[in-house]
Amino acid sequence: MAFDPKKVGFAVITSYPKWYSGKIRSIKHTDKVRGDLAIEFAQKATDAGYPIVLSDGKSAKTFVRMLQSLPGLIVTKRKSVMSGQGKRLALEMVSKIPGVEVIVLCEPEKVSFLTHCVERSVMPILEGKADIVVPKREDKLFKSTYPDYMYLSEKEANSIYNEAIVANNLLPKEMYEMDSFFGPRVFRNTKEFVS
């Protein structure tokens, strides 16, 4: 089966009130760093032909205008800065785009997921082999690209989380190594999964 980006819709959220245009003035300006990555993500996604809905919560007006200038990107403002409301809004909107069979819920700072992992993550769903995919980082690459404290804390958090959901029969034992703290979620665009 040939991969068609138009069948894969992205639901993403942003909130970067301190973003500014131009060059970064300090590495401490996380809204600038994350906002620039979000713009890069949106640009690459739309250039590749992916439908993308971005729900923004109180970002700088210049950031929102920059996003709105990207052809093919649907930008919506949410009333709350709370991420849950933003995700629900983006999911609802992208699920209604004609032709979207798979939805990817992903942080827009994860540009490398977009450029290197999307096709591998969505094909099991497009081929009818899965309904939901929780991508897992390759451990060696994960360890070499994250600070030690973050690698160790996320590994432990995954272990505790997975232990709890296995113990409550919400996850099969063979999926004990699920990488929930990576972030991206991929699922079939049906009312059952979107809700």
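For this chain, numbers begin at 1 and follow the sequence in order.
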If I compare all heavy atoms of [X] with all of [Y], which pair ends up nearest, and what's the gap?
| X | Y | result |
| --- | --- | --- |
| Leu171 | Met175 | CD2-O, 3.4 Å |
| His29 | Ile24 | O-CD1, 4.4 Å |
| Phe41 | Pro108 | CB-O, 2.9 Å |
| Ala38 | Phe63 | CB-CZ, 4.1 Å |
| Arg120 | His116 | NH2-O, 3.9 Å |
| Ser121 | Pro135 | OG-CG, 3.7 Å |

Rounded to the nearest 0.5 Å, what separates atom [atom1] in [X] from atom [atom2] in [Y]?
| X | Y | atom1 | atom2 | value |
| --- | --- | --- | --- | --- |
| Lys143 | Leu152 | NZ | CG | 7.0 Å |
| Leu141 | Tyr146 | CG | OH | 9.0 Å |
| Lys79 | Leu89 | NZ | CG | 9.5 Å |
| Phe187 | Glu192 | CZ | CD | 11.5 Å |
| Lys87 | Glu107 | NZ | CD | 6.5 Å |
| Ser159 | Glu154 | OG | CD | 13.5 Å |

Would Ile39 and Leu67 count as a side-chain contact (heavy atoms from CB on, under 4.5 Å) here? Give the steps.
CA-CA 7 Å; Ile39 291 167; Leu67 290 172; 4.1 Å; yes
What I'd like to find out is whether the side chain of [X] reaches to under 4.5 Å of the side chain of [Y], using heavy atoms alone.
| X | Y | answer |
| --- | --- | --- |
| Asp139 | Tyr151 | yes |
| Gln43 | Glu40 | no |
| Thr14 | Trp19 | no |
| Val102 | Val133 | no |
| Pro17 | Asp31 | yes |
| Glu101 | Ile125 | no |
| Phe182 | Lys136 | no |
| Met178 | Ile165 | yes |

Could you state whether [X] and [Y] fall into the same hydrophobic cluster, counting links through intermediate Ile, Leu, Val, Met, Phe, Trp or Tyr residues with side-chain heavy atoms under 4.5 angstrom apart?
| X | Y | answer |
| --- | --- | --- |
| Met123 | Leu114 | yes |
| Val100 | Ile132 | yes |
| Ile13 | Val8 | no |
| Leu37 | Val75 | yes |
| Phe10 | Leu70 | yes |

Take Ser15 and Arg78, measure what side-chain contact (heavy atoms from CB on, under 4.5 Å) needs, and give me the verdict at the end.
CA-CA 10 Å; Ser15 184; Arg78 62 185 191 267; 4.0 Å; yes
Say whether, by atom type as modelled, one donor and one acceptor occur between the side chain of [X] and the main chain of [Y] under 3.5 angstrom.
| X | Y | value |
| --- | --- | --- |
| Asp4 | Lys6 | yes |
| Thr46 | Ala42 | yes |
| Arg185 | Ser180 | yes |
| Asn189 | Ile103 | no |

Salt bridge between Glu92 and Lys96, side-chain N to carboxylate O under 4.0 Å?
yes
Check this for me: [X], atom [atom1], are more than 12 non-hydrogen atoms of other residues, nucleotides or ligands nearer than 6.0 Å?
| X | atom1 | result |
| --- | --- | --- |
| Gln68 | CD | yes |
| Leu170 | CG | yes |
| Tyr161 | OH | no |

Test the Lys32-Tyr20 pair against the cation-pi criterion, namely NZ or CZ under 6.0 angstrom from the six-membered ring centroid and within 45° of the ring axis.
yes
Salt bridge (Lys or Arg N to Asp or Glu O under 4.0 Å) evaluation trace for Glu138 with Lys140:
CA-CA 6 Å; Glu138 294 177 18; Lys140 192 175 185 179; over 6 Å; no
Assess the residue pair Val118 and Tyr50 against the criterion (side-chain contact (heavy atoms from CB on, under 4.5 Å)); give the C-alpha distance rounded to whole Å, side-chain angles, the decisive distance to 0.1 Å, and a yes or no.
CA-CA 11 Å; Val118 171; Tyr50 293 107; 3.6 Å; yes
side-chain contact (heavy atoms from CB on, under 4.5 Å) between Lys77 and Val64, worked out:
CA-CA 9 Å; Lys77 294 288 284 176; Val64 175; 4.1 Å; yes
